[in-house]
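Protein chains get the first letters and strands the later ones, always in sequence-line order, with residue 1 at the start of each.
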There are 2 protein chains.
Amino acid sequence: MSSLPLSSSDNPISLPSAAGLSVPAFSPLYQQIKALILHSLQAGEWKPGEAIPSEMELAARFRVSQGTVRKAIDDLAAENLVVRRQGKGTFVATHAEQQVQYRFLRLLPDSGDASVEGPAQRHIIDCKRVRASADVARILGLRAGDAVMQARRVLSFSGVPTILEDIWLPGTSFKGLTATQMTSYPGPTYAMFELHFGVRMVRAAEKIRAVLPDPEQADLLQVSPETPLLSVERLAYTYNDVPMELRRGLYRTDTHHYRNDLS
Amino acid sequence: MSSLPLSSSDNPISLPSAAGLSVPAFSPLYQQIKALILHSLQAGEWKPGEAIPSEMELAARFRVSQGTVRKAIDDLAAENLVVRRQGKGTFVATHAEQQVQYRFLRLLPDSGDASVEGPAQRHIIDCKRVRASADVARILGLRAGDAVMQARRVLSFSGVPTILEDIWLPGTSFKGLTATQMTSYPGPTYAMFELHFGVRMVRAAEKIRAVLPDPEQADLLQVSPETPLLSVERLAYTYNDVPMELRRGLYRTDTHHYRNDLS
DNA sequence: GAGTGGTCTAGACCACGCG
DNA sequence: GCGTGGTCTAGACCACTCA
């Protein structure tokens with residue numbers, strides 16, 4: 001049995017156990033190891049795309065068996081925070097170098113084959129520093145009036161404008177974001193965020209509705225104002241469930257559809 | 001090392017290995033065990049809600065270690081085919097007795113709390129035996145003209161009609177389905193399918209679009225024909241990726257939204 | 001207290017990637 | 001041939017449930 005991390009028996013992590021009540025407050029060794037690795041990921045000890053230490057090394061560092069480290073990494077891999085590659089190592093997940101170009105974009109061409117239409121053409125309409133509305137501030141966990149970066153862009157596939165997006169980012173983390181940066185980086189925007197701002201989007205939640213565009217939106221998407229569109233509000237989070245991006249998208253669904261798998 | 005199931009070394013499962021080429025064609029023991037358990041699930045050896053044999057029993061039956069059975073069951077649990085309950089056993093997953101009433105329904109009230117509005121009121125408009133259109137037949141893997149059961153219904157929350165659904169089911173598996181059955185069963189429709197037809201929906205895929213209703217649809221949902229609605233086409237599968245239900249839904253999204261979590 | 005799943009270990013061997 | 005992750009085993013002990 002180990003000693004450096006809390007073992008399973010010493011466990012109730014030396015909390016003042018509340019008057020005879022049986023609060024669980026217990027966590028298995030492998031979850032503690034997982035938390036330690038996660039902490040290193042957040043701290044940037046290993047950068048996106050890099051390999052983390054081997055299971056044997058981590059086992060030695062934390063003074064536990066390889067099997068325990070293994071279970072911790074299994075969890076992290078299941079959450080898409082790291083990627084295992086047999087024979088090579090375990091790597092910090094990144095939005096760059098992914099087989100599917102856009103990990104969080106569920107819009108597919110009706111033909112089914114996303115590879116035929118290739119990557120989206122991006123057209124930045126606007127990118128500026130503004131003060132957060134009460135609405136946006138609340139969602140991003142800021143105070144109304146705090147600085148935020150705001151961008152608007154249109155994504156086109158095969159020359160057809162298909163997605164109109166408004167993006168809000170906390171001003172402190174994304175100071176200096178420019179339209180040029182948004183356009184020139186050759187890959188997913190989230191990969192650019194990793195590279196230039198050290199911010200990794202780890203998970204996201206979307207609220208989807210059917211709406212009609214206002215005249216300006218209709219114009220940008222080159223559709224009539226009577227065209228029903230998918231409204232997709234995405235809140236993306238970094239480590240630790242900290243919200244880092246609000247994205248309001250309008251998707252044309254005459255040639256594309258939003259795909260979701262349930263289980 | 002075991003002998004009853006193929007061990008890891010004998011492995012390339014006695015396939016005629018193609019002329020020196022290194023085709024993987026290899027599967028670990030635990031995946032073979034998983035396949036065997038899956039087969040028993042399909043065959044109905046254990047019914048939904050029942051416990052499957054303990055890990056020790058299965059290990060003895062298949063002549064492998066408990067750890068190997070464990071890994072197989074871990075996989076099945078990750079796919080929501082079984083549910084583990086510490087101290088009690090491992091149970092065949094079911095659409096009945098689930099904390100979330102509707103496992104495949106992602107529509108939530110904007111208030112966020114689905115429990116306040118309670119279960120949906122169901123109103124069956126139609127339920128009849130028809131011949132499959134080419135369209136429906138192709139999607140369900142049938143031949144045009146094959147018998148299918150077709151149902152149409154409206155789901156209301158707090159008295160407000162919110163969802164209009166058309167449902168198609170293979171006639172052979174759902175012979176004798178009646179509107180009464182659709183209405184009277186007190187729980188998810190998929191639980192009723194398990195009980196009365198022995199069909200378990202295991203996963204599903206949805207295609208989502210924004211559309212305008214035709215006059216009849218607008219009337220049934222009590223909205224104007226200019227109201228944009230979410231069109232949700234769901235194809236639900238049983239074991240073995242066999243499609244067993246096509247469901248075309250129209251969702252009102254003025255008071256509700258479709259929720260999706262990405263990671 | 002008996003039985004179930006859950007954790008942890010230690011050690012052996014296998015498959016893969018790369019030099 | 002070495003190092004990496006992947007599989008498999010056997011055994012010990014822990015946490016939960018229920019009679």
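- Residue A:Glu57 places its side chain closer to D:dT4 than to any other of C:dT4, D:dT4, C:dT9.
- One interatomic measurement links the two molecules: CD1 of A:Ile73 to P of D:dT7, which rounds to 14 Å at whole-angstrom precision.
- The separation between B:Glu55 atom CD and C:dT7 atom P is 11 Å, rounded to whole Å.
- Nucleotide D:dC13 holds its P atom 16 Å from the CG atom of A:Leu29, rounded to whole Å.
- Between C:dG3 and B:Ser54, no contact under 4.0 Å exists linking OP1 or OP2 to a side-chain N or O.
- Residues A:Thr189 and A:Arg153 bring a donor and an acceptor atom of their side chains to less than 3.5 Å of each other.
- Across the protein-nucleic acid pair, A:Lys34 atom NZ and C:dG6 atom C1' stand 15 Å apart, rounded to whole Å.
- Ion pairing between a basic and an acidic side chain is recognised when a charged N comes within 4.0 Å of a carboxylate O; B:Asp241 and B:Arg203 show such pairing.
- Between A:Tyr30 atom OH and C:dC8 atom P there is a gap of 8 Å when expressed in whole angstrom units.
- For the segment residues 74-90 of chain B, the set of residues with a heavy atom within less than 4.0 Å of an atom of DNA chain C comprises B:Arg84, B:Arg85, B:Gln86, B:Gly87, B:Lys88, B:Gly89, B:Thr90, in numerical order.
- Taking 4.0 angstrom as the limit, B:Arg70 places none of its side-chain polar atoms (N or O) nearer than this to OP1 or OP2 of C:dG5.
- Between B:Glu245 and B:Arg200, none of the side-chain N atoms (NZ, or NE/NH1/NH2) sits under 4.0 Å from a carboxylate O, so this pair counts as no salt bridge.
- Between B:Tyr251 and B:His256, the distance from one ring center to the other does not fall under 6.0 angstrom.
- Across the interface with DNA chain C, nearest-nucleotide mapping of A:Gln31 and A:Gln66 shows A:Gln31 to be the residue nearer the 5′ end.
- What separates CZ of B:Phe91 from P of C:dT4 is a distance of 11 Å, to the nearest Å.
- A distance below 6.0 Å separates the ring centres of B:Phe193 and B:Phe174.
- In this structure, the CD1 atom of A:Ile33 is 20 Å from the P atom of C:dG6, given to the nearest Å.
- Other residues, nucleotides and ligands contribute at most 12 non-hydrogen atoms within 6.0 Å of the NE2 atom of B:His39.
- A side-chain N or O of B:Ser40 and one of B:Glu45 form a donor-acceptor pair less than 3.5 Å apart.
- Regarding A:Leu58, its CG atom lies at a distance of 17 Å from the P atom of D:dG3, rounded to whole Å.
- Here A:Lys71 reaches the OP1 or OP2 of C:dT7: one of its side-chain N or O atoms lies under 4.0 Å away.
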